[in-house]
2 protein chains.
Amino acid sequence: MKHGFVKGRRVWHGGAMVSRKSSPRPAPRATAAPSSAAIQKRTRQQHAQERAEDYVEAIADLIAGSGEARATDLAKSLGVTHVTVIRTVQRLQREGLVTTQPYRSIFLTPSGRKLAAEAKARHETVAEFLESLGVPQATARADAEGIEHHVSPATIAAFRRFLATGG
Amino acid sequence: MKHGFVKGRRVWHGGAMVSRKSSPRPAPRATAAPSSAAIQKRTRQQHAQERAEDYVEAIADLIAGSGEARATDLAKSLGVTHVTVIRTVQRLQREGLVTTQPYRSIFLTPSGRKLAAEAKARHETVAEFLESLGVPQATARADAEGIEHHVSPATIAAFRRFLATGG
DNA sequence: CCAAGAATGTAGCAAAAGCTACATTGATTG
DNA sequence: CAATCAATGTAGCTTTTGCTACATTCTTGG
Ligand SMILES: [Mn+2]
Ligand SMILES: [Mn+2]
Ligand SMILES: [Mn+2]
Ligand SMILES: [Mn+2]
């Protein structure tokens, strides 16, 4: 509020000529529709969380499948170099999702296990849902890898409803 | 192929003890299932494309709505600062999606218009589909903002089928 | 016209995720 | 038991997307 008030009719570049008179703004509804800016910000936050989810899920899968998660196997499964894995795992350790020691394999902390379980459940629901819609399995699996990080609980619930009834 | 051949039983860290004998690998099926690594790589490519799609779509909306797309309005709509917009628009210009000149508004090139139209169509299909599944509109709109970039043509087709018939 | 202030641009920083090249460690096998 | 070489770690680079702080330009009301 640097300048105290808005100048009224002052406009730049013409634009839509929206009147800015100080009509009292309408009382916000009970459920205000999020602005496009807010929606975009939420999507960006989901992206920041995305790599963490993919990593803990892959780590959990490796542990379930072979007893341990090694950086090389993780790199192979994620399609990146081992260098990238090591650095990202360091971040995940900073964030309390995994633990590891030099030249040892990677372990999930309790919160890492929780995140992995949630991510895996979401991931599989999305994939099954797409398949049940008639999307070829390979495509469904590929699309689910990206979609999984952007489905809210309400959407997952809708997918599960569909699978339970119509699917 | 640095070392010419694989050593057979050599194993590290125990692991699953998978035999590596040089049995001739099975002939690839007609439709080889993509590796998890390949799927992850595709998802990362979609992310790199994502900001471009959101930008050209927002630019197209601003032009449709008010006749021009200014950096400030774009920043407001995307939820970032004008600095971020200016730098990203420079990249999009490098890539031939938009044109702009100092202190002027932003225009879409033909390929920018094409990308915007495709992105918008996908975006709206995803949002309508989620709503038709019973997801509350605000949630559907929010989820669609992230999902839209990860739906293949086959999945979009399945969504449209559902909307045309079951929806 | 002209100054205020909105819009735009620039400088410089950070974090994250990728990479190649090279160094170090450690498990296996001969 | 020692050499080999896979696995891991480190150094240093790039790109992208954010940000704040400050400089410049342009539009417009008075
Ligand atoms: Mn997943
Ligand atoms: Mn994923
Ligand atoms: Mn969109
Ligand atoms: Mn989007």
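In the text below, chain A, chain B and the rest are named by the order of the sequence lines, each starting its count at 1. Predicted, not measured: the structure shown is a model, and the values here were computed from it.
The listed nucleotides are D:dG18, C:dG26, C:dT8; the one nearest the side chain of B:T72 is C:dT8.
By the criterion of side-chain heavy atoms lying less than 4.5 angstrom apart, applied directly or through intervening Ile, Leu, Val, Met, Phe, Trp or Tyr residues, A:V83 is not grouped with A:V89; the two fall into different hydrophobic clusters.
The shortest side-chain heavy-atom distance between B:D143 and A:H150 does not fall under the 4.5 Å cut-off. Counting heavy atoms from C-beta on, the side chains of B:F107 and B:T100 never come closer than 4.5 Å.
Between A:F129 and A:F162, the angle of the ring planes goes over 60°, which puts this pair in the perpendicular group of the 30/60° scheme.
In terms of position along DNA chain C, the nucleotide closest to B:K41 lies nearer the 5' end than the nucleotide closest to the other residue of the pair A:P102 and B:K41. Taking for each of A:R104 and B:E95 the nucleotide of DNA chain D with the nearest heavy atom, the 5'-most of the two is the partner of A:R104.
A heavy atom lying under 4.0 Å from DNA chain C marks the following residues of residues 79-91 of chain A, by number: A:V80, A:T81, A:V83, A:T84, A:R87, A:R91.
Counting to the nearest Å, the P atom of C:dG18 and the CG atom of A:L78 are 8 Å from each other. In this structure, B:D54 places its CG atom 11 Å from P of D:dT17, rounding to the nearest Å. Taking atom CG of residue B:D73 and atom C1' of nucleotide C:dA6, one finds them 12 Å apart after rounding to whole Å. Atom-to-atom, CZ of B:R51 to P of D:dT17 comes out at 6 Å; the value is rounded to the nearest Å. Here the P atom of nucleotide D:dG18 and the CD atom of A:Q45 are 12 Å apart, to the nearest Å. If you measure from atom CD of A:Q101 to atom P of C:dG26, you get 12 Å, rounded to the nearest angstrom. With rounding to whole Å, B:Y103 atom OH is found 5 Å from C:dG9 atom C1'. Taking atom CG of B:L74 as the reference point, atom P of C:dG9 lies 12 Å away to the nearest angstrom.
Ring centroids of A:H47 and B:H47 are separated by less than 6.0 Å, placing the two rings close together.
Between B:R91 and B:E95 a salt bridge is recorded (basic side-chain N to carboxylate O distance below 4.0 Å).
At C:dA17, none of the side-chain N or O atoms of B:R44 fall inside 4.0 Å of OP1 or OP2 (strictly under the cut-off).
Counting any heavy atom pair closer than 4.0 Å across all strands shown, B:R94 reaches sugar-phosphate atoms only and no base atom.
No hydrogens or angles considered: nothing links the side chains of A:T88 and A:R51 as a donor-acceptor pair under 3.5 Å.
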